[in-house]
Amino acid sequence: MLELAIGIILGACALGAGVAMIAGIGPGIGEGSAVASACEAIGRQPECRGSVTSTMLMGCAVAETTGLYALVIAILLIFVAPNRLVDILLTAVA
């Protein structure tokens, strides 16, 4: 019975890490859209290149933090959470 509980913990942590990495799709789509819009804006008004580029880079940096947070959560769910949860389970059973 204890092996089943440990297996459920490991499976849930792996599933949670996979779901967390779905959040990495959003920054990729958002940054691609921002770069496309910036290229279009620079094509229409080349004299605004500096302001458009700096605004685009700031927006891409902010959007990228979402993917980085998802990566950190996935790493924690894979490497840290299973050991902690199994230890809690073992102390509760003993």
Side-chain angles (χ1 to χ4, degrees):
M1 190 64 153
L2 188 62
E3 292 83 15
L4 178 64
I6 292 173
I8 290 173
I9 288 172
L10 295 175
C13 287
L15 184 63
V19 169
M21 286 312 298
I22 291 175
I25 296 171
I29 294 171
E31 289 173 21
S33 174
V35 171
S37 297
C39 288
E40 182 179 335
I42 292 171
R44 289 180 186 214
Q45 292 183 342
E47 65 274 3
C48 294
R49 180 185 317 165
S51 63
V52 170
T53 302
S54 63
T55 304
M56 178 200 61
L57 290 176
M58 181 59 73
C60 286
V62 170
E64 188 64 30
T65 59
T66 306
L68 292 175
Y69 290 144
L71 178 65
V72 168
I73 289 171
I75 288 172
L76 288 174
L77 281 172
I78 291 173
F79 294 111
V80 177
N83 295 332
R84 299 276 309 241
L85 292 173
V86 168
D87 289 343
I88 291 170
L89 176 70
L90 293 177
T91 56
V93 170

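Here the structure is a predicted model, which is why all the values come from computation and not from measurement.
- In terms of heavy-atom proximity, A81 sits nearest to C13 at CB-SG, 4.0 Å.
- Taken from CD1 in I9 to CG in L4, the straight-line distance is 10.0 Å, to the nearest 0.5 Å.
- For the pair C60 and E31, the tightest heavy-atom approach, listed with the atom from each and the gap, is O-OE2, 3.3 Å.
- Take E40 and apply the side chain to side chain donor-acceptor pair (under 3.5 Å) test, not counting sequence neighbours, and it matches R44.
- Taken to the nearest 0.5 Å, the OG atom of S51 stands 11.5 Å off from the CE atom of M56.
- How far OG1 of T66 is from CD1 of I25: 13.0 Å, rounded to the nearest 0.5 Å.
- Contact detail for M21 and L71: the closest heavy-atom pair is SD-CA, 3.8 Å.
- When all heavy atoms of P82 and L76 are compared, the closest pair comes out as CD-O, 4.4 Å.
- A search for side chain to side chain contact (heavy atoms under 4.5 Å, CB included) contacts involving L2 returns I6, L89, L90, V93, not counting sequence neighbours.
- The hydrophobic cluster containing Y69 does not contain V62, counting ILVMFWY residues as joined when their side-chain heavy atoms lie under 4.5 angstrom apart, directly or transitively.
- Here the CD1-CD distance, from I8 to E3, works out to 12.0 Å after rounding to the nearest 0.5 Å.
- For the atom pair CG (L10) and CG (L15), the distance works out to 12.5 Å, reported to the nearest 0.5 Å.
- Here E47 pairs with Q45 under the side chain to side chain contact (heavy atoms under 4.5 Å, CB included) rule; sequence neighbours left out.
- Under a 3.5 Å cut-off, the side chain of S37 and the backbone N or O of S33 do form a donor-acceptor pair.
- The same ILVMFWY cluster, assembled from side-chain heavy atoms under 4.5 Å apart, contains both V72 and V80.
- In this structure, T91 and I88 approach most closely via the heavy-atom pair OG1-O, 2.9 Å.
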